[in-house]
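Below is one structure; the comments refer to it alone.
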Amino acid sequence: MAPGLLDLVNLTTWAVCAVIKLPQLVAVLRAGSAWGLSVGSLLLELAGFLVFLRYQIYYDYPLETYLEYPIIIAQDVILLFCIMHFSGKAKRALFYAVVFWVGWYMLTLQKWIIDLAMNLCTFISAASKLVQLQHLWQTKDSGQASALTWGMSAYTCATRIITTVMTTNDLAVLIRFIIMLILNIWVTATILYYSKTKKTD
């Protein structure tokens with residue numbers, strides 16, 4: 001595949017990721033509520049992103065294959081704080097920050113730790129999507145969940161499948177993106193279904 005295609009895919013991925021959580025943040029801030037969103041899902045997603053970023057850095061993969069992750073992580077942290085604030089759990093934020101900070105450094109103490117964490121990262125990230133799906137199914141209400149944010153996540157997974165094949169060809173990374181693509185589409189469809197159901201009631 002042509003280097004021009006790789007550059008285009010990377011650029012569109014970065015552009016989407018620069019604003020990926022903004023629709024979700026705007027929805028939460030406008031409503032003054034985190035209804036429809038799962039703190040557990042967001043914590044798992046953040047853990048998965050941190051492990052994935054650390055893995056990419058540890059193995060010295062090309063920066064353009066993971067440049068969006070610091071941006072997404074920053075947006076996730078802001079979103080998590082907003083959700084915890086509106087849920088009355090803002091005091092827990094410091095505890096989670098310390099846990100994530102310690103985990104960041106422990107991941108690379110030994111090579112086997114980062115390799116195991118990367119393999120578990122797929123399960124952690126998948127669990128984050130499944131927790132959000134379960135929350136939607138239980139409440140039967142999309143609440144403030146943004147289909148646009150989840151749809152953009154599906155897009156970035158699809159583009160990262162392409163860039164992984166074209167650059168590192170890392171099987172663990174490729175499997176992760178395929179699974180995340182499927183689950184992000186599923187969450188998007190579920191949000192759209194419940195928001196449509198809510199409008200017809």
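What you are looking at is a predicted structure, and each value in this text was computed from that prediction instead of being measured.
Side-chain atoms of Thr149 come within 3.5 Å of backbone N or O of Gln24 as a donor-acceptor pair. Not a single donor-acceptor pair under 3.5 Å links the side chain of Thr163 to the backbone N or O of Thr65. In this structure a side-chain-to-backbone donor-acceptor pair under 3.5 Å is missing from Ser87 to Lys89.
When side chains are defined from C-beta on, Pro62 counts as touching Thr168, because their heavy atoms get closer than 4.5 Å. Annotation: side chain of Gln132 is in contact with side chain of His135 (closest heavy-atom distance under 4.5 Å).
Listed by chain and residue number, Tyr69, Phe177 satisfy the ring-ring contact (aromatic ring centres under 6.0 Å, His included) test with Phe52 (two or more places apart in sequence, or in another chain). Residues satisfying the side-chain contact (heavy atoms from CB on, under 4.5 Å) criterion with Ala189, sequence neighbours excluded, are absent altogether. Residues satisfying the salt bridge (Lys or Arg N to Asp or Glu O under 4.0 Å) criterion with Asp115, sequence neighbours excluded, are Lys111. Legend: residues meeting salt bridge (Lys or Arg N to Asp or Glu O under 4.0 Å) with Lys21, ordered by chain and number and at least two apart, are Glu45, Asp76. Residues that satisfy the side-chain contact (heavy atoms from CB on, under 4.5 Å) test with Leu63, not counting sequence neighbours, are Tyr66, Leu67.
A donor-acceptor contact closer than 3.5 angstrom links the side chains of Thr13 and Thr159. Under 3.5 Å, the side chains of Thr12 and Tyr155 contain a donor-acceptor pair of N or O atoms.
Counting only residues at least two apart or in different chains, salt bridge (charged side-chain N to carboxylate O under 4.0 Å, His left out) contacts with residues 160-170 comprise Glu68-Arg160.
Here Ile83 contributes atom CD1 and Ile78 contributes atom CD1; the two are 12.0 Å apart, rounded to the nearest 0.5 Å.
Under the 6.0 Å distance and 45° angle rule, Arg176 does not count as a cation-pi partner of Phe123.
Partner of Trp186 under the ring-ring contact (aromatic ring centres under 6.0 Å, His included) criterion, chosen from Trp137, Trp150, Tyr193: Trp137.
Taking the six-membered ring for Trp and thresholds of 30 and 60 degrees, Tyr105 and Trp101 have ring planes more than 60 degrees apart, a perpendicular arrangement.
If you look at Tyr55 and Tyr59, their ring centroids are closer than 6.0 Å.
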